[in-house]
Amino acid sequence: MLVLFYPYDGQIAFALTRRTDTVESHKGQISLPGGAREGDESLQATALRETCEELNACPDTVEVLGRLSPLYIPPSGFLINPFVAYSAARPSFRPDPREVAELIETPLSLLLDPATVKREEWTLRGTAVDVPFFDIYGHKVWGATAMVLGELVTMLREETT
């Protein structure tokens, strides 16, 4: 999984995607680019390769800045390993239509705005739960993606105080 920052419209932005309804897991959800490790590639190489495959934002234009905390996702059994990277220019995005239904270019300022964080009661697997999410242009960014972005927001706020 990769949080890819880049300049866009006079701001720093990052790319979220809405997954298609035909992918194997997390259909239709808002996510960061990412996917399964191939062979013995490093976790960082996996994040970069998947971002290149999904969005055409390829490693030769991307500088990895660091890594966030690994996160286990019980419903899918995935262990995600998020990285943060920067591209000095906005990538020439060409989303893979088999995986990406929509590219959501999100200004970092929107993510940092406390008004973007919302909560709702949802029924998940038959149980009512309080679900925090980021409201990004009407998209509900929840679950693992929200946890990764929440950690990033916390880190960025700590750096500026």
Side-chain angles (χ1 to χ4, degrees), residues 1-9 11-112 124-125 131-134 136-137 139-159:
M1 183 173 271
L2 188 70
V3 181
L4 176 60
F5 290 116
Y6 54 90
Y8 180 64
D9 219 13
Q11 302 182 62
I12 296 297
F14 65 99
L16 289 167
T17 66
R18 183 171 54 83
R19 296 171 57 82
T20 65
D21 291 329
T22 57
V23 291
E24 193 171 321
S25 57
H26 306 290
K27 297 174 188 309
Q29 292 183 10
I30 307 302
S31 68
L32 293 158
R37 188 176 179 184
E38 292 182 357
D40 62 351
E41 73 183 347
S42 71
L43 296 171
Q44 179 176 309
T46 299
L48 292 170
R49 176 184 51 75
E50 286 287 339
T51 302
C52 185
E53 290 175 4
E54 290 179 27
L55 296 176
N56 192 47
C58 298
D60 57 331
T61 64
V62 173
E63 175 189 358
V64 175
L65 303 174
R67 186 174 178 180
L68 299 171
S69 301
L71 182 62
Y72 179 68
I73 313 303
S76 59
F78 294 143
L79 174 63
I80 60 174
N81 292 275
F83 290 83
V84 178
Y86 180 75
S87 175
R90 180 186 176 273
S92 299
F93 292 118
R94 284 193 314 270
D96 181 341
R98 295 169 296 180
E99 296 186 57
V100 178
E102 180 181 358
L103 173 65
I104 306 161
E105 294 186 87
T106 307
L108 179 58
S109 60
L110 182 60
L111 183 67
L112 294 172
L124 297 174
R125 293 179 287 288
V131 176
F133 61 92
F134 290 96
I136 305 290
Y137 301 128
H139 295 286
K140 294 178 181 179
V141 183
W142 66 287
T145 302
M147 287 186 265
V148 168
L149 295 177
E151 178 183 6
L152 181 62
V153 165
T154 299
M155 291 174 70
L156 291 171
R157 285 190 178 138
E158 287 174 357
E159 285 295 315

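Residue numbers start at 1 and run along the sequence shown.
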Participant: Within a strict 4.5 Å, meaning less than it, do heavy atoms of the Thr51 and Leu32 side chains meet?
Facilitator: no

Participant: To the closest 0.5 Å, what do you measure between CE (Met147) and CG (Leu152)?
Facilitator: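 One finds 14.5 Å between CE of Met147 and CG of Leu152.
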
Participant: Find out whether Glu151 and Ser69 are in side-chain contact, i.e. whether some heavy atom of one side chain is under 4.5 Å from a heavy atom of the other.
Facilitator: yes

Participant: Who passes side chain to side chain contact (heavy atoms under 4.5 Å, CB included) against Glu41, sequence neighbours left out?
Facilitator: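 Partners of Glu41 under the side chain to side chain contact (heavy atoms under 4.5 Å, CB included) test: Arg37, Glu38, Ala45, Thr46, Arg49.
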
Participant: Do Val62 and Leu4 touch side chain to side chain, with heavy atoms closer than 4.5 Å?
Facilitator: yes

Participant: With rounding to the nearest 0.5 angstrom, report the CG to CD distance, Asp96 to Glu54.
Facilitator: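 Going from the CG atom of Asp96 to the CD atom of Glu54 covers 7.5 Å.
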
Participant: Knowing that exactly one of Val148, Ile30, Leu111 qualifies, which makes a side chain to side chain contact (heavy atoms under 4.5 Å, CB included) with Val141?
Facilitator: Ile30

Participant: Got a list of side-chain donor-acceptor pairs under 3.5 Å for residues 78-93, not counting sequence neighbours?
Facilitator:
from	atom 1	to	atom 2	distance (Å)
Asn81	OD1	Arg67	NH2	2.8
Ser87	OG	Thr61	O	3.1
Ser87	OG	Ala89	O	2.6
Arg90	NE	Glu105	OE1	2.8
Arg90	NH2	Glu105	OE1	3.4
Arg90	NH2	Glu105	OE2	2.9

Participant: Please give me the minimum heavy-atom distance between Ile104 and Thr17, naming the atom from each residue.
Facilitator: CD1-C, 4.4 Å

Participant: Going by heavy atoms in the side chains, are Glu102 and His139 under 4.5 Å from each other?
Facilitator: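 SC-SC contact between Glu102 and His139 confirmed.
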
Participant: Roughly how far, to the nearest 0.5 Å, is the CD1 atom of Ile12 from the OH atom of Tyr6?
Facilitator: 10.0 Å

Participant: So, for Pro132 and Trp142, which heavy atoms are closest and what is the spacing to 0.1 Å?
Facilitator: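 Closest approach of Pro132 to Trp142, heavy atoms only: O-CB, 4.0 Å.
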
Participant: To the nearest 0.5 angstrom, please state how far the CZ atom of Phe14 sits from the CD1 atom of Ile136.
Facilitator: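 CD1 of Ile136 is found 5.5 Å from CZ of Phe14.
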
Participant: Do Arg98 and Thr20 have side chains that approach each other closer than 4.5 Å (heavy atoms only, starting at C-beta)?
Facilitator: no

Participant: Which atom pair, heavy atoms only, marks the closest approach of Gly34 to Glu50?
Facilitator: O-OE1, 3.5 Å

Participant: Heavy-atom distance under 4.5 Å between the side chains of Leu149 and Phe134, does that happen here?
Facilitator: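 SC-SC contact between Leu149 and Phe134 confirmed.
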
Participant: Does the pair Met155 and Leu68 meet the rule for a side-chain contact (heavy atoms from CB on, under 4.5 Å), with working shown?
Facilitator: CA-CA 10 Å; Met155 291 174 70; Leu68 299 171; 3.3 Å; yes

